[in-house]
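Written out below as structure tokens is the structure these notes cover.
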There are 2 protein chains.
Amino acid sequence: MGAVAATQDPARRATAAEVARLAGVSPAVVSYVVNDGPRKVAPATAERVREAVRRLGYRPNRAARALRRGTTGIVGLVIPRVANPFMAELSEAVQAAAERRGLAVLAAGSGNDLGVERRLLQTLPRHGVDGLVVATVMGHHDTAPPVRPDLPTVYLNAPFAVPGCAAVGPDATQGARLVVDHLLGVHGHRSVALVTGESGARTAGARELGWQQAVTEHGARPGPVVRVAWDRPGGSAAVEALLGAGARPTAVFATSDAQALGLLHGLRAAGVRVPEEVAVGGFDGVEDGAYAAPPLTTAHQPVLAMAEAALDALEQPGGPGEGHALFGLDLVVRQSCGCTATT
Amino acid sequence: MGAVAATQDPARRATAAEVARLAGVSPAVVSYVVNDGPRKVAPATAERVREAVRRLGYRPNRAARALRRGTTGIVGLVIPRVANPFMAELSEAVQAAAERRGLAVLAAGSGNDLGVERRLLQTLPRHGVDGLVVATVMGHHDTAPPVRPDLPTVYLNAPFAVPGCAAVGPDATQGARLVVDHLLGVHGHRSVALVTGESGARTAGARELGWQQAVTEHGARPGPVVRVAWDRPGGSAAVEALLGAGARPTAVFATSDAQALGLLHGLRAAGVRVPEEVAVGGFDGVEDGAYAAPPLTTAHQPVLAMAEAALDALEQPGGPGEGHALFGLDLVVRQSCGCTATT
DNA sequence: CTGAAAGCGCTAACAC
DNA sequence: GTGTTAGCGCTTTCAG
């Protein structure tokens, strides 16, 4: 009766040894069947084992397996803020890519704080993760980020190469050019202002460069440049500087959708009509942009592909390399640029 | 030199046994010091151990500890979609509450799909979580959700009691009354329409009830009721029904901010001015509401407090009970109701 | 093709 | 107060 009781006790999970006993084999064979490998098992025996697994509802104990194998099947994800729409989409993309690989995601928000991000980089590994995906806090990391040399790490949303570990990011220059070119070429503005992140951080570099290139190419004037935080409040705060600075710009490129959304909000509050008085373009391509007033024209980052690339790099045997994979963006034309509604 | 090499080898992590040897004590003492307990250790010895820990950079191996103790310090979080702003805020709140307790969060998105949510409830535990926080997919769960009896589970964002496990949620009736009462009492509307979730799901019950109560109390007429998805597209889709149905309503209460945001977008696209022609109220209190056009008047859920309560319930010795903890909401007055700008 | 057995690193009885 | 030691459940050599 002991065996039966054990079988039916819902609180206690069956062990490989119990499965082995029920199937009349050794624990080793159970392991071979469950993992199919590393040794071959006779079909008949394997079937018997599988039947026992089913009967006992056996699931290998993750902790024991992790202890033995030294891997957990969990990747850590460090992300600034999920409340940032772009980060939320990036986070979902990483989740999806991880699930496709049978990995689980241990997520930790840094609250947009570089200090917290640094701390997370140290503490997350303690929870036993096999690798780390770090969605960088925008506007920081002018100095090399602190990477744990013993833990495969890949930087996501990184517009710059990270020495010592793999990086995946948008081809920010191309993306920025896409929208500034649209503002200039299609809508015929003579100058485009720039709303971007604080400081001359390298992060801003590529997006700013794209803006500059497009402006130069069209023989247009660069509008005023205003540096604010990489979020909606930042975008709102930019309005004052934009409107106060002598000649009011007729077009503005914001280097993130969050900033663009804040900007639209601020302009509306100031009674400035978009796109009639000022046209606005963003960068990221978040779903929220479609619900903005007016709907935001922006460059869309291929988040799914980037997430896949990040996990691919992580799983690379021998650890992720040092490369910097760049992904092209698509132009999403809505109405903040001056185009008319399509729907 | 062997010892020195081992000390400096960055690839290999030190074990408790090594720390013990360096400190000249037994592994047991190392454990006692690291966990302070369950036995007392002489101050001098403890200091020697701590020094050795520091020198070797020792971190207890999570997997071994989990195997031995039977707990991982990881809680699973099942959440519909982080791209939903409210869910993102809820997710951050759970993160924060977990961190305060030294727990890590294994997050998994259900993509708003009840089938996926069910599957997650089965698979997440395999990754060795100590407990499960489930942010329910809105508009489902009319039947008892599938709970693993062996795993402490608490439902979050649950407006109904869940048989067999603890539930934490907003006092939806109170919250809904708050905003409908404002629409009716302050702005003097004679009727308020309702935009809510599909089907007569119990989920909708409480919010709908609050709307009804407020309408009745004011001797007003209930406006048309339209049932759509619990997200922005749903809110947009509601516009047609709202405008088509005979007398156009002068005020609308949407039972989630996502729907309200979609609604504002749809009304704008249809050329209806808010709040002049139609006033709008929401429910959730997400940050996005502040950036909507016009900024959304809504009831704010105390997400932090709810997340704390959920984790408290999870940690309750003997497992979370069966209670249903309700949290009151605050009215956030912005401009979609007809109030004038305060900022 | 299968069995026996040695640990992975840690914790907590149980001795002293 | 501290040392010894027996496992937690699994994987994987090594024998057969």
Side-chain angles (χ1 to χ4, degrees), chain A residues 6 9 11-50 52-53 56-74 125-130 150, chain B residues 6 9 11-50 52-53 56-74 125-130 150:
Chain A
D9 182 351
R12 217 179 93 37
R13 293 224 329 218
T15 75
E18 288 166 353
V19 174
R21 207 171 331 124
L22 181 58
V25 298
S26 79
V29 174
V30 174
S31 174
Y32 299 152
V33 171
V34 169
N35 305 310
D36 40 41
R39 309 226 72 85
K40 281 209 141 309
V41 173
T45 318
E47 192 37 58
R48 250 176 30 248
V49 171
R50 269 189 285 271
V53 165
L56 298 177
Y58 169 73
R59 294 277 140 226
N61 178 317
R62 294 299 273 217
R65 175 175 284 181
L67 177 56
R68 185 62 234 251
R69 298 219 269 227
T71 77
T72 55
I74 298 179
R126 292 187 204 168
H127 284 285
V129 296
D130 292 344
D150 51 331
Chain B
D9 181 352
R12 215 178 95 37
R13 294 224 326 219
T15 75
E18 288 167 354
V19 174
R21 206 170 331 122
L22 180 58
V25 298
S26 80
V29 173
V30 174
S31 173
Y32 300 150
V33 171
V34 169
N35 305 309
D36 41 39
R39 307 225 74 86
K40 282 211 141 311
V41 173
T45 320
E47 193 37 59
R48 248 174 33 245
V49 171
R50 270 189 284 271
V53 165
L56 297 177
Y58 168 73
R59 295 278 140 225
N61 178 316
R62 295 299 275 214
R65 174 176 282 180
L67 176 57
R68 185 63 234 249
R69 297 220 272 226
T71 78
T72 55
I74 298 180
R126 294 187 203 167
H127 285 285
V129 297
D130 291 344
D150 52 329

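Numbered from 1 within each chain, the chains take letters A, B, ... in sequence-line order.
- For B:Arg68, there are no side chain to side chain donor-acceptor pair (under 3.5 Å) partners at least two apart in sequence or on another chain.
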- For nucleotides 1-8 of chain C, just jot down a letter per nucleotide in 5' to 3' order: B, S or -, based on protein non-hydrogen atoms under 4.0 Å. SBBB-BBB
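- For the salt bridge (Lys or Arg N to Asp or Glu O under 4.0 Å) test, residues two or more places apart in sequence or in another chain that qualify with A:Arg50 are A:Glu47.
- Atom CD in B:Glu47 sits about 16 Å away from atom P in D:dG1, given to the nearest Å.
- If you take CG of A:Asp36 and C1' of D:dT12, they are 16 Å apart, rounded to a whole angstrom.
- Residues satisfying the side chain to side chain donor-acceptor pair (under 3.5 Å) test with B:Asp130, not counting sequence neighbours, are B:Thr72.
- Within the structure, every pair that satisfies the side chain to side chain donor-acceptor pair (under 3.5 Å) test and touches residues 25-34 of chain B, not counting sequence neighbours, is listed here: B:Ser31-B:Asn35.
- One interatomic measurement links the two molecules: CG of B:Leu56 to P of C:dG9, which rounds to 14 Å at whole-angstrom precision.
- When the P atom of C:dG9 is taken as reference, atom CZ of B:Arg13 falls 10 Å away, rounded to whole Å.
- In this structure, B:Arg39 has no salt bridge (Lys or Arg N to Asp or Glu O under 4.0 Å) partners at least two apart in sequence or on a different chain.
- Contacts of A:Val34 classified as side-chain contact (heavy atoms from CB on, under 4.5 Å), with partners at least two apart in sequence or in another chain: A:Val30, A:Tyr58, A:Pro60, A:Arg65.
- Listed pair A:Arg65 / D:dG9 fails the phosphate criterion, with no side-chain N or O lying under 4.0 Å from OP1 or OP2.
- In this structure, the side-chain contact (heavy atoms from CB on, under 4.5 Å) partners of A:Pro27, at least two apart in sequence or on a different chain, are A:Ala20.
- Considering only the side chain of B:Ser31, C:dT11 comes nearest among C:dC10, D:dG9, C:dT11.
- With rounding to the nearest 0.5 angstrom, the CZ atom of A:Arg62 is 10.5 Å from the CD1 atom of B:Ile74.
- With the end axes of the helix from C:dC1-D:dG16 to C:dC16-D:dG1 each set by five pairs, the angle from one to the other reads 40° at 10° resolution.
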